[in-house]
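See structure below.
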Amino acid sequence: MIHSRFLISGLLPVLMSVSAPLAWGQSGASLLFREDFKEIPAATPVTEDHLVNEELELHLYGDAKNQLKKSNHPEIPNDPFYLWSGTCEGTWAMALSWKKGGIDLRNGGKIRFRSRQSGFHRLRMILELDAGNWVISEDEVGETPDWVVSEFEIGEMTWRELNIGRIVEGKPVANPDFSKVSKIGFTDLMAGGGTPASSRLDWVAVYKGD
């Protein structure tokens with residue numbers, strides 16, 4: 001069953017059989033914040049200095065958290081400034097928190113992001129809930145031939161527990177409380193393997209529901 005629609009950069013909308021629910025064209029959600037990473041030279045590890053939005057804080061997790069790279073290739077025209085997991089020798093996760101406080105993602109709250117994965121890597125959403133426990137989405141974005149913009153509507157997704165220390169998924173979670181989400185981020189649950197086996201994240205935007 002196809003659950004997803006992606007907009008490949010420069011092309012018309014296409015449907016792809018990757019599990020990630022979408023809600024294109026709905027007008028109920030309002031933008032809370034967006035993060036594009038600074039257009040400064042590539043560096044490892046990525047740090048809070050690479051964030052454009054001063055209202056956000058960066059959090060890194062996993063054995064390879066200090067190997068997550070803020071990448072860019074000046075020799076490639078229009079190459080974005082993005083996070084890249086290809087240099088990670090173990091599992092990793094990244095998340096953003098909003099300095100204004102918890103985020104209500106009920107009633108149509110959603111996350112849009114631009115990414116590109118290679119090989120078997122599947123980028124998944126992670127959330128820290130108000131009680132301090134983490135969940136990870138069963139929905140994912142897998143390998144794509146180019147950069148794609150994806151949209152996850154939080155209330156329509158299925159979730160599992162996440163051990164944030166080990167970056168390992170757990171049992172399914174029924175009806176998570178999204179009324180006060182503390183952190184919003186991503187992981188692919190895998191070590192990187194260079195260009196042919198990695199995840200890339202260009203930007204992320206968070207929308208509050210009705």
Side-chain angles (χ1 to χ4, degrees), residues 1-7 16-23 34-35 37 46 58-65 67-69 71 82-97 103 105 109-129 132-144 147-178 181-193 196-207:
M1 180 176 181
I2 294 176
H3 296 284
S4 307
R5 183 182 296 169
F6 297 98
L7 181 60
M16 302 182 69
S17 56
V18 180
S19 180
L22 287 132
R34 172 175 166 137
E35 176 56 42
F37 299 98
V46 62
L58 175 70
H59 308 270
L60 301 176
Y61 305 93
D63 291 340
K65 64 181 181 181
Q67 296 171 338
L68 188 64
K69 183 177 182 179
S71 189
Y82 59 95
L83 301 191
W84 183 55
S85 72
T87 50
C88 292
E89 296 176 354
T91 56
W92 63 275
M94 62 77 60
L96 299 171
S97 60
I103 300 167
L105 291 178
K110 50 193 174 185
I111 314 295
R112 295 188 73 193
F113 57 96
R114 187 173 187 250
S115 69
R116 182 179 181 182
Q117 280 63 250
S118 302
F120 296 148
H121 288 248
R122 303 289 185 266
L123 197 63
R124 300 174 185 269
M125 180 75 56
I126 63 172
L127 302 175
E128 184 184 35
L129 307 181
N133 54 309
W134 287 80
V135 293
I136 182 169
S137 66
E138 293 187 346
D139 305 272
E140 62 190 26
V141 181
E143 185 173 34
T144 57
W147 292 94
V148 297
V149 174
S150 309
E151 185 174 286
F152 283 7
E153 185 164 339
I154 301 302
E156 295 188 0
M157 300 166 68
T158 54
W159 301 85
R160 288 180 174 267
E161 294 177 349
L162 174 67
N163 183 319
I164 195 62
R166 298 176 56 215
I167 318 298
V168 174
E169 77 277 15
K171 63 184 180 181
V173 178
N175 302 315
D177 181 4
F178 298 124
V181 175
S182 303
K183 298 184 181 76
I184 296 168
F186 300 89
T187 184
D188 58 17
L189 300 172
M190 299 178 71
S198 58
S199 293
R200 304 164 183 82
L201 177 67
D202 180 16
W203 55 259
V204 56
V206 177
Y207 294 82

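Given the structure is predicted, the values throughout are model-derived calculations rather than measurements. No hydrogens, no waters, no symmetry mates; every other heavy atom, side chains included, goes into these values.
- Looking only at distances, a side-chain donor or acceptor of R124 sits under 3.5 Å from a matching main-chain atom of S137.
- Under a 3.5 Å cut-off, the side chain of Q117 and the backbone N or O of L123 do not form any donor-acceptor pair.
- For the pair M125/D139, no side-chain contact is recorded, criterion being any heavy-atom separation below 4.5 Å from C-beta on.
- Separating the CE atom in M157 from the CD atom in E140 is a distance of 10.5 Å, to the nearest 0.5 Å.
- Counting only distance, with no hydrogens or angles, the side chain of S85 and the backbone of S199 share a donor-acceptor pair below 3.5 Å.
- Atom CZ of residue F186 and atom CZ of residue F113 lie 5.0 Å apart, to the nearest 0.5 angstrom.
- Proximity of W203 to R112: side-chain heavy atoms (C-beta onward) are separated by under 4.5 Å at one or more points.
- Between K183 and W134, some side-chain heavy-atom pair lies under the 4.5 Å cut-off.
- Side-chain contact between W159 and L127 is present, with at least one heavy-atom pair separated by less than 4.5 Å.
- A side-chain hydrogen bond (donor to acceptor under 3.5 Å, both in side chains) with W92 is found for one member of D188, D63, T187 and no other, namely D188.
- Without hydrogens or angle criteria, S97 side chain to S182 main chain gives no donor-acceptor distance under 3.5 Å.
- When all heavy atoms of W147 and D202 are compared, the pair lying nearest together is CZ3-CB, 3.6 Å.
- Between I126 and V135, every side-chain heavy-atom pair lies at or beyond the 4.5 Å cut-off.
- Taking CZ of R200 as the reference point, atom OG of S115 lies at 10.0 Å (rounded to 0.5 Å).
- Atom CG of L162 sits about 10.5 Å away from atom CD of E128, to the nearest 0.5 Å.
- Among all heavy-atom pairs drawn from L96 and E35, the shortest one is CD1-CB, 4.0 Å.
- Atom CE of M190 is separated from atom OG of S198 by 10.5 Å, given to the nearest 0.5 angstrom.
- The distance from the OG1 atom of T87 to the CG atom of L68 is 7.0 Å, given to the nearest 0.5 Å.
- Taking all atoms of both residues into account, the shortest heavy-atom contact from L129 to V181 is CD2-CG2, 4.3 Å.
- Inter-residue side-chain proximity for M94 and L83 is flagged as met; some heavy-atom pair is nearer than 4.5 Å.
- In this structure, T91 and R166 approach most closely via the heavy-atom pair OG1-O, 3.5 Å.
- Contact annotation: the side chain of I136 approaches that of L189 to within less than 4.5 Å [non-hydrogen atoms, C-beta and beyond].
- Counting heavy atoms from C-beta outward, L105 and I184 have side chains that approach closer than 4.5 Å.
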